[in-house]
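All of these numbers come straight from a predicted model, not from anything done at the bench. Read the numbers this way: they start at 1 and go in the same order the structure lists the ligands and their atoms.
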Amino acid sequence: MIAGDDATRASVTVRAPAKINLHLGVGALGAGGFHPLATVYQAIGLYEDVTVSDQQDWSVHLTGEADLDLADVPVDESNLAVRAARALCVHHGLTDHAARIEIRKGIPVAGGLAGGSADAAATLLALDRLWDLRTSDEDLLRLGADLGSDVPFALLGGTATGLGRGEEVAPLEDGGDWWWCVVPHAEGLSTPAVYRHFDELSGDGVPPPAVPDELRRALASGDPERLAAQLHNDLQAPALDLRPELRRTFDDGVAAGALAALLSGSGPTVLLLCADQAGVHEVRRAMVEAGHERAVVAPGPVPGVHEVVYENAPDTRNLR
Ligand code: C5P
């Protein structure tokens with residue numbers, strides 16, 4: 001991340017990545033309505049671009065890639081990007097600032113890929129740069145944590161552990177260039193609903209979650225077969241119970257040649273880990289042939305939020 005060191009500009013664009021969870025260990029529901037987590041995040045190459053510019057009143061504008069459904073994304077004060085902007089203003093005691101926030105979405109909505117958290121993280125950094133606020137990384141992480149469990153990781157990027165309710169992030173050694181085929185689904189899943197169903201299915205006696213040492217070793221080794229054997233998500237069973245048709249995507253992925261299939265976060269996006277770059281394109285082709293038209297290729301890990309400068313360059317995101 002690294003907060004601003006440039007002179008004030010008319011507009012600033014910041015890019016933020018999608019996240020996946022290579023391990024999502026969930027504990028018993030806690031007093032604050034959250035579950036203790038032990039997770040391993042990875043940032044992958046699907047992105048939101050947020051452009052901010054000075055304006056008298058706050059406003060949010062959405063654009064997206066052709067196959068993204070934006071109908072469920074609010075453009076009022078409840079949008080996480082606006083809440084992030086307002087929190088940053090409160091933090092700096094700014095009472096007369098407002099901005100136009102333009103969100104170019106490339107991450108499926110309600111897909112378990114933390115697109116809203118990416119918007120919040122990108123907005124924090126973009127406004128910090130626009131107004132030359134020089135917010136410390138620690139303060140950005142703290143502001144992010146107050147906005148949502150996945151926001152600090154969107155700031156950090158790469159591969160990281162997440163403890164607490166997911167907001168306590170620390171970088172993790174990752175020796176791999178991993179290739180994911182990402183298979184979104186037309187209808188999103190509600191994160192609270194999936195956590196609630198986790199509670200219903202697991203009953204009493206849920207052990208405290210932990211990050212397995214073998215997963216750390218597999219990540220450091222860079223060996224995709226080793227990583228494939230360690231992928232795990234405690235929300236997979238409840239999500240599959242709520243959406244049984246997702247099983248077909250898992251089966252199709254393995255039949256297409258993926259090393260492993262994993263639910264992304266609270267779903268319903270399915271992640272297919274592939275052996276290498278050539279392999280992931282083959283798997284994507286096979287998934288499209290099997291009827292999963294929206295399958296896309298994404299590398300990981302990628303950096304967290306960062307400023308981008310377009311100089312009439314063609315948009316090459318998510319090239320297939
Ligand atoms: O933090 P975030 O806003 O992403 O959380 C959305 C919802 O997901 C929470 O309101 C809660 O119902 C559920 N959640 C949880 N335990 C976590 C993270 C999220 O129960 N650690």
Side-chain angles (χ1 to χ4, degrees), residues 16-44 46 48 60 72-74 76-88 103 105 107-124 140-157 160-170 188-204 206-211 232-239 241-243 263-269 304-305:
K19 67 86 197 167
I20 61 176
N21 305 82
L22 308 180
H23 178 91
L24 183 48
V26 181
L29 177 64
F34 282 86
H35 296 74
L37 301 186
T39 190
V40 172
Y41 291 110
Q42 185 168 90
I44 62 166
L46 295 175
E48 310 273 269
V60 179
D72 291 337
V73 183
D76 60 11
E77 294 278 323
S78 67
N79 186 294
L80 205 53
V82 180
R83 289 175 43 210
R86 288 199 176 275
L88 189 70
I103 302 173
K105 293 195 79 71
I107 302 175
V109 178
L113 293 161
S117 300
D119 296 344
T123 302
L124 287 175
L140 285 175
L141 287 168
R142 202 174 38 72
L143 287 165
D146 288 344
L147 292 160
S149 312
D150 297 328
V151 180
F153 177 69
L155 291 164
L156 188 67
T161 51
L163 300 177
R165 56 182 173 82
E167 86 286 15
E168 295 169 21
V169 290
L189 261 176
S190 149
T191 300
V194 176
Y195 273 104
R196 263 197 312 276
H197 200 48
F198 170 85
D199 296 334
E200 285 159 10
L201 291 182
S202 49
D204 295 336
V206 180
V211 173
H232 175 81
N233 182 351
D234 277 343
L235 295 180
Q236 195 162 300
D241 206 46
L242 292 171
R243 248 339 138 67
L263 189 78
S264 184
S266 56
T269 304
V305 290

Can you report which non-hydrogen protein atom sits closest to [atom], along with the distance?
| atom | result |
| --- | --- |
| atom 11 (C) of ligand 1 | Gly33 O, 4.0 Å |
| atom 7 (C) of ligand 1 | Pro192 CG, 3.9 Å |
| atom 3 (O) of ligand 1 | Gly148 CA, 4.2 Å |

Query raised in the report: Does Ser266 offer a backbone N or O that forms a donor-acceptor pair with the side chain of Thr191 under 3.5 Å?
Result: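 No, because the side chain of Thr191 does not come within donor-acceptor range (under 3.5 Å) of the backbone of Ser266.
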Requested in this report: Using modelled atom types only, decide if a donor and an acceptor are shared between the side chain of Arg243 and the backbone of Gly188 within a distance under 3.5 Å.
Outcome: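 Judged by distance alone, yes, a pair lies under 3.5 Å.
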Query raised in the report: Can you tell which of Ser149, Pro209, Gly265, Ala145 gets a heavy atom nearest to atom 18 (C) of ligand 1?
Result: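 The option holding the nearest heavy atom is Ser149.
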Query raised in the report: atom 5 (O) of ligand 1: which of Phe34, Tyr195, Phe198 has the nearest heavy atom?
Result: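 It is Phe34 whose heavy atom sits nearest to atom 5 (O) of ligand 1.
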Query raised in the report: Does a side-chain heavy-atom distance below 4.5 Å link Asp119 with Lys105?
Result: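 Yes - at least one pair of side-chain heavy atoms lies under 4.5 Å apart.
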Requested in this report: Hey, can you tell me if His35 and Phe198 have their rings parallel, tilted or perpendicular (30° and 60° cut-offs)?
Outcome: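 The rings of His35 and Phe198 stand perpendicular, inter-plane angle above 60°.
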Out of all atoms in ligand 1, which are within 4.0 Å of some heavy atom of [X]? Include the element for each.
| X | value |
| --- | --- |
| His35 | 15 (C), 16 (N), 17 (C), 20 (O), 21 (N) |
| Thr191 | 8 (O) |
| Leu37 | 21 (N) |

Requested in this report: Would you mind telling me which of Leu189, Leu24, Ile20, Asn233 makes a side-chain contact (heavy atoms from CB on, under 4.5 Å) with Leu263?
Outcome: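 When Leu189, Leu24, Ile20, Asn233 are each tested with Leu263, the side-chain contact (heavy atoms from CB on, under 4.5 Å) holds only for Asn233.
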Query raised in the report: What closest approach, in Å, do Ala85 and Thr123 show between heavy atoms, and which atom pair accounts for it?
Result: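 Smallest heavy-atom distance, with atoms named: CB-CG2, 4.0 Å.
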Requested in this report: Can you measure from OG (Ser264) to CG (Leu22) and round to the nearest 0.5 angstrom?
Outcome: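 Separation between the atoms: 9.5 Å.
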Requested in this report: Report yes or no: does a heavy atom of Gly166 sit under 4.0 Å from some atom of ligand 1?
Outcome: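 It does not; every heavy atom stays at 4.0 Å or beyond.
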